[in-house]
Amino acid sequence: MMTIAASARIHPSSIVEDGATIGENVTIGPFCLIGSKVTIGNNTRIMSHVVIEGRTTIGEGGHVFPQAVLGCAPQNVHYKGEDTELVIGRNCVIREGVTMHPGMPAHGGKTTVGDNGLFLAYSHVAHDCHVGDNVILSNNVMLAGHVTIGDRVIMGGGAAIQQFSQVGHHAFIGGLSAVTADVIPYGMVNGGPAYLGGLNVVGMKRSGMDRAAIHEVRNAFKAIFETAPTIKDGVEQIKSAGISNPAIADIVAFIESDRKCGLTSPARSHKN
């Protein structure tokens with residue numbers, strides 16, 4: 001049974017299938033298609049020519065621009081029509097031509113997008129991705145399947161992330177970068193294949209980190225990636241000296257975590 005709040009405004013040219021849930025003060029513009037398993041949160045604006053299909057949830061306060069396609073079948077040859085899910089958080093801005101797909105049943109069946117995201121024109125979030133809060137994907141950014149993006153990551157236009165890769169929180173990915181390995185928290189990468197060019201100091205400042213703490217992280221970065229014989233040796237050096245800086249602890253924990261991909265580093269020979 002369809003549930004449409006009395007305050008919702010739906011253009012007569014749009015189709016909302018029976019079973020959909022439309023919240024308070026939702027606006028749906030002309031020539032949209034809203035599927036039967038879709039839930040749209042309060043105060044969300046859907047502009048014209050938008051397709052939202054599958055078991056898709058959009059949190060309150062979102063804004064979806066024309067030609068976006070959300071929740072349609074994953075681009076995966078193994079998908080056989082299973083009832084998987086796409087969950088998008090609150091206050092996300094989804095610009096023209098953006099595509100986001102639900103998960104695959106063999107990998108949990110869910111794609112998740114956090115709150116306050118900005119997804120610029122024609123960016124793509126593939127099946128089984130997990131995108132954090134306050135993330136910005138610029139125009140034509142491509143996330144392959146099973147990618148994890150931490151909070152407050154910014155990706156420049158045309159950048160691409162290889163499947164199963166992880167990007168740590170507050171990282172910055174330069175435009176047209178081809179990321180084929182994991183990126184540490186606060187890392188700044190560029191190039192194709194991407195290399196770790198340094199730290200996202202601007203992101204550190206925006207996160208509230210003071211100058212002394214940033215200086216500590218810089219020293220830890222040099223120890224791990226520049227002065228030690230290997231990344232592992234650098235991490236052990238940092239740990240033996242004791243870690244009181246939360247950002248350094250995050251970087252060390254990320255490097256030591258159980259990851260499927262290698263690690264983006266300043267020199268390709270340093271990948272572990």
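To the nearest 0.5 angstrom, Met100 atom CE is 9.0 Å from Leu143 atom CG. Within the model, atoms CD of Glu60 and CD1 of Ile40 stand 13.5 Å from one another, a figure rounded to the nearest 0.5 Å. One finds the CE atom of Met155 at 11.5 Å from the CG atom of Leu120 (value rounded to the nearest 0.5 Å). To the nearest 0.5 Å, atom CG of residue Asp182 and atom SG of residue Cys261 are 5.0 Å apart. Ile184 CD1 to Ile251 CD1: the interatomic distance, rounded to the nearest 0.5 Å, is 4.5 Å. In this structure, His107 NE2 and His146 NE2 are separated by 4.0 Å, a value rounded to the nearest 0.5 Å.
Judged purely by atom type and a 3.5 angstrom limit, Asn245 uses its side chain to pair as donor or acceptor with the backbone of Ala213. Proximity of a side-chain donor or acceptor of Thr111 to a complementary backbone N or O of His101 within less than 3.5 Å is detected. When atom types are taken as modelled, the side chain of Asp18 and the backbone of Met2 share a donor-acceptor pair closer than 3.5 angstrom. Thr264 places a side-chain N or O within 3.5 Å of a backbone atom of Ala181 that can act as its donor or acceptor partner. Between the side chain of Ser36 and the main chain of Ala20, no donor-acceptor pair closer than 3.5 Å is present. At distances below 3.5 Å, at least one donor-acceptor pair connects side-chain atoms of Arg259 with backbone N or O atoms of Phe254. A donor-acceptor pair under 3.5 Å is absent between the side-chain atoms of Thr3 and the main chain of Thr21, judged by distance alone. With hydrogens and angles ignored, the 3.5 Å screen pairs a side-chain donor or acceptor of Asn200 with a backbone N or O of His170.
In this structure, His215 places its NE2 atom where only 12 or fewer heavy-atom neighbours from other residues, nucleotides or ligands lie under 6.0 Å away.
No side-chain heavy atom of Ile149 sits under 4.5 Å from any side-chain heavy atom of Val125. Phe31 is not listed as a side-chain neighbour of His11, based on a closest heavy-atom distance of 4.5 Å or more. Contact annotation: the side chain of Thr56 never approaches that of Pro102 to less than 4.5 Å [non-hydrogen atoms, C-beta and beyond].
Placement of Ile52 and Tyr122 in two distinct hydrophobic clusters is found when ILVMFWY residues are connected by side-chain heavy-atom separations under 4.5 Å, directly or transitively. Ile248 is connected to Ile255 through a chain of hydrophobic side-chain contacts under 4.5 Å among Ile, Leu, Val, Met, Phe, Trp and Tyr, so both are in one cluster. Cluster membership for Val87 and Ile94, using ILVMFWY side-chain heavy atoms within less than 4.5 angstrom, is not shared. In terms of hydrophobic clustering, with Ile, Leu, Val, Met, Phe, Trp and Tyr side chains grouped at heavy-atom distances under 4.5 Å, Val189 and Phe172 are assigned to different clusters. Residues Met188 and Met209 do not share a hydrophobic cluster, defined by chaining ILVMFWY side chains whose heavy atoms lie under 4.5 Å apart.
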Discussion item. Show, in sequence, the C-alpha distance, side-chain angles and deciding distance for Glu82 and Met104, and conclude whether the side chain to side chain contact (heavy atoms under 4.5 Å, CB included) test is met.
Written reply: CA-CA 8 Å; Glu82 296 91 346; Met104 290 290 294; 5.5 Å; no

Practice prompt. Quick one: do Ile231 and Phe225 satisfy side chain to side chain contact (heavy atoms under 4.5 Å, CB included)? Show the steps, please.
Written response: CA-CA 6 Å; Ile231 292 173; Phe225 292 104; 3.8 Å; yes

Worksheet item: Could you walk me through whether Val93 and Phe65 pass the side chain to side chain contact (heavy atoms under 4.5 Å, CB included) check?
Response: CA-CA 8 Å; Val93 176; Phe65 281 70; 3.9 Å; yes

Discussion item. Under the criterion side chain to side chain contact (heavy atoms under 4.5 Å, CB included), I'd like the reasoning laid out for Lys37 against Glu17: C-alpha separation, chi angles, the key distance, then a yes or no.
Written reply: CA-CA 8 Å; Lys37 300 175 183 177; Glu17 294 182 348; over 6 Å; no

May I have the list of side-chain donor-acceptor pairs in residues 66-78 shorter than 3.5 Å, sequence neighbours left out?
residue	atom	partner	partner atom	Å
Asn76	OD1	His78	N	2.8
Asn76	ND2	His127	NE2	3.4

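Across all their heavy atoms, Val113 and Cys92 have their closest contact at CG1-SG, 4.3 Å. Closest approach of Ala8 to Ile4, counting heavy atoms only: CB-CG2, 3.8 Å. In plain terms, the two heavy atoms of Leu199 and Arg218 that are nearest each other are CD1-CA, 3.9 Å. Scanning all heavy atoms of the two residues, the minimum distance from Gln237 to Ala223 falls at NE2-CB, 4.0 Å. In terms of heavy-atom proximity, Gly157 sits nearest to Ser138 at N-CB, 3.4 Å. The shortest heavy-atom contact between Val147 and Gln163 is CG2-CA, 4.1 Å.
In this model, no donor atom of one side chain and acceptor atom of the other lie less than 3.5 Å apart for Gln162 and Thr180. A donor atom on one side chain and an acceptor atom on the other are found under 3.5 Å apart for Thr27 and Arg9. Side-chain contact check for Thr148 and His130: no donor-acceptor pair (N or O, by modelled atom type) lies under 3.5 Å. If you check the side chains of Asn134 and Asp151, you find no donor sitting under 3.5 Å from an acceptor.
Just one residue in the list Thr44, Asn43, Asp115, Asn42 forms a side chain to side chain donor-acceptor pair (under 3.5 Å) with Arg90, and that residue is Asp115. Under the side-chain contact (heavy atoms from CB on, under 4.5 Å) test applied with Glu53, the options Leu33, Ile34, Leu86 reduce to a single match, Leu33.
Under the 30°/60° scheme for interplanar angles, the aromatic rings of Tyr186 and His169 are found to stand perpendicular.
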